[in-house]
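Take a look at the structure set out below.
The basis for the numbers below is simple: all heavy atoms, side chains too, and nothing from hydrogens, waters or symmetry mates. Numbering of ligands and ligand atoms starts at 1, following listing order.
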Amino acid sequence: MKNYLAERTKVVDASGIRKVFALGATLKDPVNFSIGQPDFDVPDPIKEVAIQAIREGQNRYSQTAGEDSVLEMLRPRVKAETGWNNPQVMLTSGVTGGLLLAFMALINPGDEVIIPDPYFVMYKHLVRMLGGKCVFVDCYPDFSLPVEKIAAAVTDKTKLIILNSPNNPSGQVYSAQDLKAVAEIAQKRDIILLSDEIYEMYNYERSQVSAATYYDKTVLLKGFGKSYGITGWRMGYTACSETLKPLMEAMLMIQQYTFVCAPMPFQLALPTAMGYDMSTYVQAYRNKRDLLYEGLKGTFNVRKPIGAFYMFPEKPERYATATDFVKDAIAHNVLIIPGNVFSERDTHFRMCFTTTEDKIRQGVEILCQLAKG
Ligand code: PMP
């Protein structure tokens, strides 16, 4: 039979995270550090508003950009955070929706996109599917923003620099100074910054600083899934300044022909979500981070993450690659993800600590034993 698949399917590989998921399904009661989402359910008052919206018949399309009442709540928030006078805001189907629309609106075949490595896996594959070229800049070993390397990576073909802070998979939060320096590089060469801030709520030490405060050609991507335990609701938003209004218009046009709008009844629950105090949930993850870090630090080369809910330790020396270590860990009932899923290197592994304290203790014990051999 003729090969019927489009060429773009050949430039990507099935997600390595999904492969570990599939393996996990075959294990009995594993210690699961693979899932990149909260383990709590959305608080009842937020759930109730969505249920109510469905009962009241709010089940049709919204405007392309989203419900006015929700956008009206978001605009002043974005303005306060960024200093932009008349921020442009649209609701998207998860942050993934915003990423796809922004990339489709910006990337021409051959355009270069600078991506700090390690990176959220979707960037690489979406950029490639659109014919763009990923230019990775290495952030090992401390995962802070490598400003000099970013400056050196810029060429006449650079269209976009991607920033993700708090970071998946490293848990690093970029300093205001480094963000400002990268914003200056972008401004000098007229490059767009894309700032994925989906983990902004999980910031355990620093207050969240956005590159958007330093540069009006920043595309801001924000989400609700990780913050409120509603990853399945597919809720996010994209914001930019008036300077990038044509970009927002292009994204809205592409939304019309792809997603149409973000899921309507869930949009209507967002004002309640945004008013809900999540600090006890954040504190619980801070404690879990500490528990995991204290358990690993004597045996593994690991940095204490400042944000998100991930840790990214180095593989033990006695394993040639992180993948080898992950295979052994999975054989011992612990699910972790090899670093090469998020990186051009295969030296580290990602652990998501959104599980119970008992499971964290159990997992630490098994991984430390394996490391010692
Ligand atoms: N950006 C980052 C950095 C992520 O980790 C994720 C989810 N793992 C996303 C975007 C996608 O989020 P959503 O579920 O809102 O599409």
Minimum-distance protein heavy atom relative to atom 5 (O) of ligand 1: Y199 OH, 2.6 Å
Pair F40 and Y281, ring centroids less than 6.0 Å apart: yes
Contact check, N164 vs ligand 1, heavy-atom distance below 4.0 Å: yes
Pair F224 + Y237: ring centers closer than 6.0 Å: yes
Polar contact flag for Y123 and ligand 1 (N/O pairs, less than 3.5 Å): no
Ligand 1 versus V95: contacting region, heavy-atom distance under 4.0 Å: both
Whether R234 lies under 4.0 Å from ligand 1, heavy atom: yes
Within 6.0 angstrom of Q177 CD, more than 12 heavy atoms from elsewhere: no
Test salt bridge (charged side-chain N to carboxylate O under 4.0 Å, His left out) applied to K315 and D346, step by step: CA-CA 9 Å; K315 65 163 181 65; D346 193 21; over 6 Å; no
Shortest protein contact, atom 12 (O) of ligand 1 (heavy atom only): I198 CD1, 3.2 Å
For Y140 against F312, the heavy-atom pair lying closest together: OH-CE2, 3.7 Å
Pair Y202 + F309: ring centers closer than 6.0 Å: yes
Criterion ring pair (Phe, Tyr, Trp, His ring centres under 6.0 Å) on Y310 and F353, from CA distance to verdict: CA-CA 6 Å; Y310 305 107; F353 50 79; 7.7 Å; no
Nearest-0.5 Å distance, CG of residue L244 to NZ of residue K217: 7.0 Å
Nearest-neighbour protein heavy atom for atom 16 (O) of ligand 1, which is reported as residue plus atom name and distance: T96 OG1, 2.5 Å
Any F224 heavy atom less than 4.0 Å from ligand 1: no
Ring centres under 6.0 angstrom apart (F325, F349): yes
Within-cut-off N or O pair, D196 and ligand 1, under 3.5 Å: yes
Per-atom contacts of ligand 1 with G94, taking only distances under 4.0 Å to non-hydrogen atoms: 15 (O), 16 (O)
Shortest protein heavy-atom distance from atom 6 (C) of ligand 1, along with the residue and atom involved: F120 CZ, 3.4 Å
Closest protein heavy atom to atom 7 (C) of ligand 1, given as residue, atom name and distance to 0.1 Å: K226 NZ, 2.9 Å
Nitrogen or oxygen atoms of T231 and ligand 1 under 3.5 Å apart: no
Proximity flag Q37 to ligand 1, non-hydrogen atoms under 4.0 Å: no
